[in-house]
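Before any comments, here is the structure.
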There are 2 protein chains.
Amino acid sequence: MDQRIVALLTADARSSYAEIGAKVSLSAPAVKRRVDRLRSSGVIKGFTTVVDPAAVGWTTEAFVELFCTGRTTPAQITVATRRHPEVVGAYTVSGEADALVHLRAADIGHLEQALERLRAEPFVTSTRSMIVLSRLVETPTPVPAPE
Amino acid sequence: MDQRIVALLTADARSSYAEIGAKVSLSAPAVKRRVDRLRSSGVIKGFTTVVDPAAVGWTTEAFVELFCTGRTTPAQITVATRRHPEVVGAYTVSGEADALVHLRAADIGHLEQALERLRAEPFVTSTRSMIVLSRLVETPTPVPAPE
DNA sequence: AATGAAAGTCATGTTTT
DNA sequence: AAAACATGACTTTCATT
């Protein structure tokens, strides 16, 4: 039941409790109670807006593999990447690279700048970039049933 | 002004027009008109919920580079990756790989299964996986001012 | 029978349109 | 300004003990 509510809210976070209730056969207050509980228990972390980056002037995107010096901590990478507004995602990963950073920029020039700034971080030994040519799939936050 | 409204809605998609209006010194109806316009012009693509994947039982994540046969089209990759519910993102990229796929799975076993299914796609010649060890940064949809 | 969790109903102030 | 919505208080239901 909670799962269905979350799925509906994922599809449209601004739909009313009554609307959701109609779809899951529950009264509006019942839905609200569940949503409140889901929020305070941390399942729902918040509600956000899906913005078309291109419409706001951000047309270029890249994934950059970071190779770091031996004693680099995830915390260091977090702090460093958060300083750059172009970073929309950062992950430590297994494999050759130490981290993967997702960048969004206005254009190639801007991306190049951001990349230079990133490469200037003291713990970065080298990088490998993949520039996004086209976004094929991007699901906001899917909640498929866990098996 | 629209930018500030979008930023506020990004922070909380369920805040009321009155609330937003108070912060940007506009009346509630004025804010609504702007939001309606932003929606129909495609700047705002929708409203969604940020769910903690771990809280729903999805604890494993990976980025997979796809190497494809010569005559593979983006459309083919789109169709193929959409078939797999574990795919939360897919992009064609420049660089060694042809595409980058973002996967979310319940656990390592599930991830392995999904990966096997992906590798079985006829146009995939090989893959290279990066398993996410920790998510350091993940901004929902940031709207920094374009320069 | 008694407890507690969860749903329904209704009233009121707020928000949407 | 009218209709729809959110939200709190209160009651009911039902499963568990």
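A, B, ... follow the sequence lines: proteins, then strands. Residue 1 opens every chain. Values reported hereafter were calculated over all heavy atoms of this structure, with side chains retained and with hydrogens, waters and symmetry mates removed.
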**Item:** Residue closer to the 5' end of DNA chain C, B:Asp36 versus A:Arg37 (nearest nucleotide)
**Value:**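 Result of the comparison: A:Arg37.
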Take the protein atom [atom1] of [X] and the nucleotide atom [atom2] of [N], then report the distance between them rounded to whole Å.
{"X": "A:Ile20", "N": "D:dA6", "atom1": "CD1", "atom2": "C1'", "answer": "12 Å"}
{"X": "B:Glu19", "N": "D:dA6", "atom1": "CD", "atom2": "C1'", "answer": "12 Å"}
{"X": "B:Arg39", "N": "C:dT16", "atom1": "CZ", "atom2": "P", "answer": "13 Å"}
{"X": "B:Leu9", "N": "C:dT15", "atom1": "CG", "atom2": "C1'", "answer": "15 Å"}

**Message:** Using 0.5 Å steps for rounding, measure from the CG atom of A:Leu8 to the NZ atom of A:Lys23.
**Reply:**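 So the CG of A:Leu8 and the NZ of A:Lys23 are separated by 5.5 Å.
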Which nucleotide, [options], lies nearest any side-chain atom of [X]?
{"X": "B:Ala18", "options": "D:dG8, C:dG8, C:dT15", "result": "C:dT15"}
{"X": "B:Tyr17", "options": "C:dT16, C:dG8, C:dA6", "result": "C:dT16"}
{"X": "B:Lys32", "options": "D:dT7, C:dG8, C:dT17", "result": "C:dT17"}
{"X": "B:Ser16", "options": "C:dA7, C:dT15, D:dT7", "result": "C:dT15"}

**Message:** Tell me whether B:Glu138 is salt-bridged to B:Arg135, with the criterion being a basic N under 4.0 Å from an acidic carboxylate O.
**Reply:**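 Counted as a salt bridge, because a side-chain N and a carboxylate O are separated by less than 4.0 Å.
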**Asked** Would you call A:Glu86 and A:Arg104 a salt bridge, using N to O less than 4.0 angstrom?
**Response**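 Salt bridge: no.
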**Asked** Just checking B:Arg14: base, sugar-phosphate only, or nothing, at a heavy-atom cut-off of under 4.0 Å?
**Response**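 Here B:Arg14 touches the backbone only, sparing every base.
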**Prompt:** 5'-most contact on DNA chain D: B:Pro29 or A:Arg33, nearest heavy atom basis?
**Reply:**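 Comparing both residues, the 5'-ward one is B:Pro29.
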**Message:** For B:Phe47 and A:Phe47, I'd like to know if the aromatic rings sit close, meaning centre-to-centre distance below 6.0 Å.
**Reply:**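 Between A:Phe47 and B:Phe47, which both carry aromatic rings, the centre distance is not below 6.0 Å.
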